[in-house]
2 protein chains.
Amino acid sequence: MTAAAPRLEPRSETLVDALRESILTGRYAPGTRLVQEDLAEAFGVSRIPLREALRRLEGEGLVVISPNRGAIVRPLAPKDVVDLYDLRLALETLAIRRAAERYADLRESTKTLAAQARRAIAARAMPTIFGLDRDFHAELAAASDNPHLVAALGGQWSQIMRVMHAYFQVANYPAAVWHDHEAIADAVAHGEGDAAVARLTTHLSESRDAILAHLRSNGGRA
Amino acid sequence: MTAAAPRLEPRSETLVDALRESILTGRYAPGTRLVQEDLAEAFGVSRIPLREALRRLEGEGLVVISPNRGAIVRPLAPKDVVDLYDLRLALETLAIRRAAERYADLRESTKTLAAQARRAIAARAMPTIFGLDRDFHAELAAASDNPHLVAALGGQWSQIMRVMHAYFQVANYPAAVWHDHEAIADAVAHGEGDAAVARLTTHLSESRDAILAHLRSNGGRA
DNA sequence: CGGGGATGGATTGTATACAATTCAATCGCG
DNA sequence: CGCGATTGAATTGTATACAATCCATCCCCG
């Protein structure tokens with residue numbers, strides 16, 4: 001297992017995931033210059049697939065590429081946190097409204113969602129928790145039956161993860177998060193869009209404020 | 001001057017614009033295979049910058065790339081029109097709300113917007129009209145002072161343009177469009193978010209329904 | 001005839017090599 | 001001593017060449 005397994009997918013695919021991971025976890029801090037040759041050597045590939053990976057991350061908003069000047073990890077100011085959560089609220093509100101409209105078709109998946117939330121309350125390992133949070137919101141998006149919305153939310157989620165990681169390195173997930181998730185899932189399952197949206201609104205506001213408070217106390221650097 | 005002027009920007013930059021244009025205008029129809037070598041020869045470049053251009057268009061949702069199978073122009077079904085307009089309404093609603101909140105800071109640009117709309121009523125050339133419509137909504141997005149929202153809307157706009165082009169090849173812009181724009185701009189300029197959103201909602205619904213009716217009568221292919 | 005597997009052309013994926021651009025440090029001139 | 005031009009290393013952008021993959025066709029065997 002130490003030797004590389006034979007590749008099934010193109011290098012640029014795995015590169016995107018590896019680079020994204022490195023950025024989300026803060027291994028490459030905001031503002032860091034991403035020199036193509038260095039990265040290529042680090043990942044054991046040539047610059048060609050690496051450049052494509054950077055282009056895709058640019059599309060996700062994780063890196064900024066200036067022509068002839070190279071790529072940097074996108075800086076992240078407190079205002080970005082506010083803006084991102086504002087946008088996310090609008091998108092997830094739409095997702096919930098559409099999901100609640102078709103709740104009859106969703107009985108199974110919403111039950112799964114709520115059960116997942118309840119199980120998550122017991123979880124402790126940080127990567128697991130991140131994954132569960134991500135999965136919950138991804139499923140919620142999928143329930144909207146709007147692929148374009150799903151894509152838009154997927155793109156934003158990378159940014160959100162970056163923000164959350166900066167925060168949750170020190171603090172722990174408040175248990176309230178999972179109760180919010182359960183409440184949202186239940187409301188959607190009963191077609192109560194307004195209730196679900198209301199809960200989501202406070203859910204996101206609290207997350208955002210907690211992150212902002214943490215950032216400010218730490219001195220929001222770039 | 002017939003010879004190519006010295007390039008200022010990288011080839012891939014101009015390529016993205018050229019390819020996007022070709023897709024938006026329908027020169028490359030939905031579902032068309034985009035063979036790298038053919039395109040590279042057509043544009044007089046190698047495949048390397050072309051591949052990067054395709055990656056960026058993938059990020060905009062204009063093309064779909066399957067590993068080892070190549071790229072195609074993204075298909076566009078009637079449901080996509082519904083989903084896109086649903087998403088667009090949510091995004092522009094947020095833009096308007098935020099813009100209306102800071103209307104005091106926006107006096108100049110909203111005046112420009114409204115004036116632009118009035119001038120547009122007289123316009124006749126199709127490319128001009130498209131540009132004016134695009135500019136209006138882009139300025140509206142910018143007025144929100146949320147760069148992430150601007151980026152999200154910018155990505156969606158490519159899709160919208162594709163949809164609109166399919167429609168407006170035969171029909172003409174109804175003059176009502178510009179009156180809607182003017183009304184929206186005025187409402188924003190006075191901080192009346194609700195009124196602006198209401199007008200936007202009908203504006204988009206009408207556009208969407210007109211496009212759907214046209215698509216259905218023509219037989220919605222791919 | 002009918003189906004499973006080999007085979008070759010077409011196409012994508014990647015490495016290497018080279019050209020073009022940027023940026024900073026240095027030099028020359030006033 | 002100050003300031004603009006110059007030069008060169010570092011880095012990005014692109015072309016060419018080659019390897020890997022896919023897909024349709026054909027062949028062989030039942």
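Since the structure is predicted, the reported quantities are computational estimates derived from the model, not experimental observations. Per chain, numbering begins at 1; letters A, B, ... match sequence-line order.
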Undergrad: Just grab all the side chain to side chain donor-acceptor pair (under 3.5 Å) pairs involving residues 55-64 of chain B, residues at least two apart or on different chains.
TA: Glu52(A)-Arg55(B), Glu13(B)-Arg56(B), Arg20(B)-Glu60(B), Arg55(B)-Glu58(B), Glu60(B)-Ser158(B)
Undergrad: In whole Å, what is the span from the CD atom of Glu13(B) to the P atom of dG13(D)?
TA: 9 Å
Undergrad: Could you tell me the separation between the CZ atom of Arg47(B) and the C1' atom of dT11(C), rounded to a whole number of Å?
TA: 7 Å
Undergrad: Report the distance from atom CD1 of Ile72(A) to atom P of dT12(D), rounded to the nearest whole Å.
TA: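 Result: 12 Å.
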Undergrad: Starting from P on dT14(C), measure out to CG on Leu50(A) and report it in whole angstrom.
TA: 11 Å
Undergrad: Kindly say whether, by distance alone, the side chain of Arg51(A) makes a donor-acceptor pair under 3.5 Å with the base of dG13(D)?
TA: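 A donor-acceptor contact between them is absent.
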Undergrad: Which residues, if any, of residues 52-63 of chain A bring a heavy atom under 4.0 Å of DNA chain D?
TA: none
Undergrad: Remember a base hit wins even if backbone is also touched, and classify Arg69(B) as base, sugar-phosphate or nothing at under 4.0 Å, heavy atoms.
TA: sugar-phosphate
Undergrad: Nearest-Å distance, CD1 (Ile65(A)) to P (dT12(D))?
TA: 10 Å
Undergrad: Roughly, in whole Å, what's the span from CG in Leu15(B) to P in dT14(D)?
TA: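 Taking CG of Leu15(B) and P of dT14(D), I get 8 Å after rounding.
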Undergrad: If you check every side-chain atom of Ser46(A), which of dG13(D), dA15(D), dT16(C) has the closest atom?
TA: dT16(C)
Undergrad: So which nucleotide from dT14(D), dT12(D), dG13(C) ends up closest to the side chain of Asn68(A)?
TA: dT12(D)
Undergrad: Closest approach of Tyr103(B) and Val188(B), non-hydrogen atoms and distance?
TA: CB-O, 3.1 Å
Undergrad: Taking the inter-plane angle between the rings of His181(B) and His203(B) on a 0 to 90° scale, is it parallel (under 30°), tilted (30 to 60°) or perpendicular (over 60°)?
TA: perpendicular
Undergrad: Check DNA chain D against residues 32-42 of chain A and give the residues with a non-hydrogen atom under 4.0 Å, in numerical order.
TA: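 Close to the strand are Arg33(A), Leu34(A), Val35(A), Gln36(A).
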